[in-house]
Amino acid sequence: MLQALSNVLVTPAEMTAVDKDAARSGIDSFSLMRSAGTAVSAAALRLYPEALRFVVLCGPGNNGGDGYIAAAALADTGASVAVFALGDAAMLKGDAARARDAFALVPGPLDSYEPQSGDVVIDALFGAGLARDVPDEARTVIEQVNASGVPVLAVDLPSGIDGRTGEIRGLSFVAAHTVTFMAAKPGHLLMPGRARCGTLEIFDIGIPARLVADRAGDLHVNTPAMWEQHLGALDPATHKYKRGHLAVLCGGPVSTGAARLSAAAGLRAGAGAGDACLSGGSARRQCRAPHRRHAQGNQQRCRPCRLAQGQAPECLRSRTRLRRRQKGAGFRAHALRPRTGARCRRDKFVPRGQEATLRQDRGRRR
């Protein structure tokens, strides 16, 4: 079922509506919470088998209820578990209260937790539904946990991140792993929340996919699978120019990186032919104009090729050939004049302005 929802993004408000639809359809809401909490405990044991203690931080809502279920499941396996609650745990209602009662031990106050070596923190304070800044009591614990470097496993979303926008509400946990349910939320993919979710894992807790799809909006994860249906199959018998000719305009010879990537993407998307055009003419004509031996390793390279390799000086002979050819092609004759550095005759470099002396020397030797 999760395969059908792999590219779907569900906002916190839409997920709340999905939960209500599931309850109206006859699905026990507490069974969904129990499935979520069990999935969190399974992920904690699988990811951190060397943990000395699992510390579950529970909030005042259903996300805290998931934490209580996870704590009870971890305790049943024999793991060392400690639970700390934000606010008065006795004030919980509904499914969260039932989950609290499933954990036999009395949770401690949140501000009494101090991170220790060997701890693994399970963050079940707020989840994806947070739409306000975290309270001061939670801020203190978040700062301590982030500073200690102990790994954090977030339930639904690291506390402090807005599940709809990915914004940080004052402060947030930096999780190494995040467990969410049925579908990803925008806050999992939008920065800066994305950088604080760690590895994302989506669990199926038993809600029918049709209920999630009915409530989901137009937000999707941009993957190649979304566009496969829009790409027609290429006929192997067709000519390349019948599939369109792509032209990408770019700057000078040293500014072609983005244009090359764009042209390659266009060809892979189905264009029949593609050209990357420089501002002074086509890159192909400039590169092959000065000399045919360039591809054979000749050191007398044309100026665009030398500039592309970070070599500003150029050979006078190559420059002269290039200038002659470009005059015939309609290029500006002074476009390839060196801006800086010395000029050379083969391997002999001379200062700027002494080319006339160099030509006289050549005449005498002849």
Side-chain angles (χ1 to χ4, degrees), residues 10-20 22-23 29-44 54-74 81 83-103 107 110 113 120-135 137-139 141-142 145 152-164 166 168-173 175 177-188 193 196-198 200-203 205 207:
V10 180
T11 65
E14 291 168 350
M15 195 64 212
T16 299
V18 169
D19 291 336
K20 293 180 179 179
S29 59
F30 184 71
S31 68
L32 299 178
M33 181 175 288
R34 185 166 54 242
S35 298
T38 304
V40 172
S41 64
F54 291 100
V55 179
V56 186
L57 308 181
C58 296
N62 286 339
N63 196 253
D66 297 339
Y68 285 112
I69 294 292
L74 289 170
V81 180
V83 176
F84 298 88
L86 175 64
D88 187 1
M91 300 298 293
L92 293 176
K93 299 179 181 179
D95 293 335
R98 293 180 61 183
R100 176 207 60 205
D101 296 338
F103 184 69
L110 182 64
Y113 170 60
V120 172
V121 173
I122 297 178
D123 166 29
L125 289 178
F126 300 112
L130 183 67
R132 57 184 175 86
D133 289 350
V134 296
E137 185 179 2
R139 287 178 63 95
V141 173
I142 293 174
V145 171
V152 176
L153 173 62
V155 180
D156 202 14
L157 196 72
S159 294
I161 297 177
D162 191 316
R164 185 180 64 87
I168 298 176
R169 295 290 186 167
L171 191 66
S172 75
F173 282 108
H177 196 85
T178 298
V179 173
T180 192
F181 314 108
M182 301 309 302
K185 315 305 184 294
H188 291 132
R196 301 192 169 213
C197 289
L200 178 64
E201 192 168 357
I202 305 174
F203 277 91
I205 59 175
I207 299 177

Participant: Can you tell me how far CZ of Arg100 sits from CE of Met91, rounded to the nearest 0.5 angstrom?
Facilitator: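 Reported to 0.5 Å precision, the distance equals 10.0 Å.
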Participant: How many angstroms lie between CD1 in Ile122 and CG in Asp66, if you round to the nearest 0.5 Å?
Facilitator: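 Between atom CD1 of Ile122 and atom CG of Asp66 there are 11.0 Å.
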Participant: Rounded to the nearest 0.5 Å, what separation is found between the CZ atom of Phe126 and the CG atom of Leu157?
Facilitator: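 So the gap between those two atoms works out to 12.5 Å.
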Participant: Taking all non-hydrogen atoms of both residues into account, name the closest pair between Leu92 and Pro60 and its distance.
Facilitator: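 It is CD2-O, 3.2 Å.
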Participant: So does Ser35 get a backbone contact from the side chain of Thr38, meaning a donor-acceptor N/O pair under 3.5 Å?
Facilitator: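 Checking the backbone N and O of Ser35 against the side chain of Thr38, no donor-acceptor pair under 3.5 Å is found.
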Participant: Do Tyr113 and Phe84 have ring centres separated by under 6.0 Å?
Facilitator: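 So the answer is yes for these two rings.
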Participant: Going by side-chain contact (heavy atoms from CB on, under 4.5 Å), name the residues that satisfy it together with Ala175, two or more places apart in sequence or in a different chain.
Facilitator: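 Once residues adjacent in sequence are excluded, the partners of Ala175 under the side-chain contact (heavy atoms from CB on, under 4.5 Å) criterion are Val152, Ala154, Pro158, Thr178.
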Participant: Please find the pair of heavy atoms, one from Asp156 and one from Gly127, that lie closest to each other, and give the distance.
Facilitator: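 Distance-wise, the nearest heavy atoms are CB-CA, 4.2 Å.
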Participant: Please report the closest heavy-atom contact between His188 and Cys197, naming both atoms and the distance.
Facilitator: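 Nearest heavy atoms, His188 then Cys197: CD2-SG, 3.9 Å.
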Participant: Among all residues two or more places apart in sequence or in another chain, which pass the side-chain hydrogen bond (donor to acceptor under 3.5 Å, both in side chains) test with Ser29?
Facilitator: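 Per chain and number, Ser29 pairs via side-chain hydrogen bond (donor to acceptor under 3.5 Å, both in side chains) with Asp95.
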Participant: Can you name the nearest heavy-atom pair linking Ala124 to Val155, along with the distance?
Facilitator: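 Heavy atoms only, the tightest pair is CB-CG2, 4.0 Å.
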Participant: Taking the side chain as C-beta and beyond, is there a heavy-atom pair between Leu130 and Arg132 under 4.5 Å?
Facilitator: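 In short, these two side chains touch, coming nearer than 4.5 Å.
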Participant: Does NZ or CZ of Arg98 come closer than 6.0 Å to the centre of the six-membered ring of Phe30, within 45° of the ring's axis?
Facilitator: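 Yes; both conditions hold, so Arg98 lies above the ring face of Phe30.
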Participant: Mind listing the closest non-hydrogen atom pair of Ser159 and Leu125 along with its distance?
Facilitator: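 Closest pair (atom of Ser159, atom of Leu125, distance): OG-CB, 3.2 Å.
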Participant: Between Lys185 (side chain only) and Ala183 (backbone N and O only), is there a donor and an acceptor less than 3.5 Å apart?
Facilitator: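 Judged by distance alone, yes, a pair lies under 3.5 Å.
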Participant: State the CE-OH distance between Met33 and Tyr68, to the nearest 0.5 angstrom.
Facilitator: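 The distance works out to 11.5 Å.
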Participant: Which heavy atom in Ile69 sits nearest to a heavy atom in Arg34, and how many Å separate them?
Facilitator: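 Minimum heavy-atom contact is CG2-O, 3.7 Å.
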Participant: What donor-acceptor contacts under 3.5 angstrom involve side-chain atoms of residues 11-19, with partners at least two apart or in another chain?
Facilitator:
from  : atom 1 : to     : atom 2 : distance (Å)
Thr11 : OG1    : Glu14  : N      : 3.2
Thr11 : OG1    : Glu14  : OE1    : 3.4
Glu14 : OE1    : Thr11  : N      : 3.0
Glu14 : OE2    : Gly217 : N      : 3.3
Thr16 : OG1    : Pro12  : O      : 3.0

